[in-house]
Amino acid sequence: MGTDERKSGTNTRLAHIGNDPGDFFGFVNPPVVHASTVLFPDAETMATRNQKYTYGTRGTPTTEALCQAIDELEGSAGTIAVPSGLAAVCVPLLAFLSAGDHVLIVDSVYYPTRNFAERMLRRLGVEVEYYDPHVGARITDLMKPNTKVVFTESPGSNTFEMQDIPAIAEAAHGGGAIVMMDNTWATPVFFRPLDHGVDLSINAATKYPAGHSDLLLGTVSANEACWKQLHDTFIALGVCPAPDDVYQVLRGLRSMGVRLARHQESAFAIARWLEGRQEVAQVLHPGLETHPGHAIWKRDFSGASGIFSFVLAKGGKREAHAFLDALKIFGLGYSWGGFESLAVHVSLEDRTIARGSYPGPVIRLQIGLEDVEDLQADLETGFEALRAL
Ligand SMILES: Cc1ncc(COP(=O)(O)O)c(C=O)c1O
């Protein structure tokens, strides 16, 4: 893509990034290439692997189209696509950590990231430590000579703490570590991690890029300095995604901007409505002025997606379940970023630092593309069920 196009608006870019229709007879979309074997024209080319595509695990026109599109969005030197968002967390950690290294992971991290650190990284001899999401530049105090990676996720999973990414990146680099960020919440449309000092940007493309709750995919985008090591590890592991899923994510990108705008608008409307409810103690949405991380969100992010939490004023599991069981439109399910609204009673049991002090249960909402009035009416039914207890 030329410089002129890079200056275009987000939706213009989302409509055109990735493949060049001229490469495939003018067809607007790239082909879905199902491939293991790629043939070489002669033995010399085969021996030197001197052609663009050499084997299915190493990339196809379909994966290349998606990875180029993500590079444009992230401003990265290279992107790998892997079979799930969780794989997009694990592959870079495996790429940059060795036995004897120390990793700092934010305590409000997506639980399966912690699970990977506990089950795999520790077993491989990596020293794992969790830190307060509000640490900012004070992360310097936690850095050790063997700290190789600072892992961030902002806002945090389920409780949406904002991290001061530029301050953390500066301190981490000062101590010789690289910075990874799980940027799934914002997508590169609302926050570009590499512009703020992050070295590797992680995205569960399962969520907003795919947008339809029908596939799993992850991407990791690296700056120039980290690209080779990330790519070498990706090739070593053979964790390539299935071509149909890659194609669907590229397809999803075309409408991601307009879907995100709708998710954002509806989520804000419902978050503000919830703030005025007497049954609600607190709404955990960084775009709200009442959120402790609002200033950071406003400074660094250009928008908010459609997932946030709220805290009931009182009660526990019984109240949370009564509320959830009354919902008809909100489905009870994990994941987010799809067209349909979802709700879940959040567990903070895994946390060691960022447990917060909440007077009642924390309920996470993924606001889908339905009509806001219908979603509010559904939540109203949940509140009625609470009153009936
Ligand atoms: C913040 C975050 N990162 C990563 C993932 C993992 O994505 P996937 O479901 O594709 O493995 C999720 C999934 O919920 C998530 O919420």
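Values below: all heavy atoms of this structure, side chains included; hydrogens, waters and symmetry mates excluded. Every number for a ligand or one of its atoms is a count from 1 in the order of the listing. All residue numbers refer to positions in the sequence shown, counting from 1.
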Can a donor-acceptor pair be found between the side chains of S213 and E340 at a distance below 3.5 Å?
yes
Measure the shortest side-chain to side-chain distance between V126 and V149 over non-hydrogen atoms and say whether it is less than 4.5 angstrom.
no
Contacts table for ligand 1: protein N or O within a distance under 3.5 Å of ligand N or O, distances only.
| unit_1 | atom_1 | unit_2 | atom_2 | d |
| --- | --- | --- | --- | --- |
| ligand 1 | 3 (N) | D182 | OD2 | 2.6 |
| ligand 1 | 9 (O) | K207 | NZ | 3.2 |
| ligand 1 | 10 (O) | G85 | N | 2.7 |
| ligand 1 | 10 (O) | T206 | OG1 | 2.5 |
| ligand 1 | 11 (O) | G85 | N | 3.3 |
| ligand 1 | 11 (O) | L86 | N | 2.9 |
| ligand 1 | 14 (O) | K207 | NZ | 2.8 |
| ligand 1 | 16 (O) | W336 | NE1 | 3.0 |

Answer yes if the ring centres of F310 and H285 are under 6.0 angstrom apart, and no otherwise.
no
When rounded to the nearest 0.5 angstrom, what distance separates CG in D350 from CD in E118?
10.0 Å
Sort out for me which residue in W185, Y110, Y208 forms a ring pair (Phe, Tyr, Trp, His ring centres under 6.0 Å) with W336.
Y208
Looking only at the side chains, is there a donor atom on one of N158 and S309 sitting less than 3.5 Å from an acceptor on the other?
no
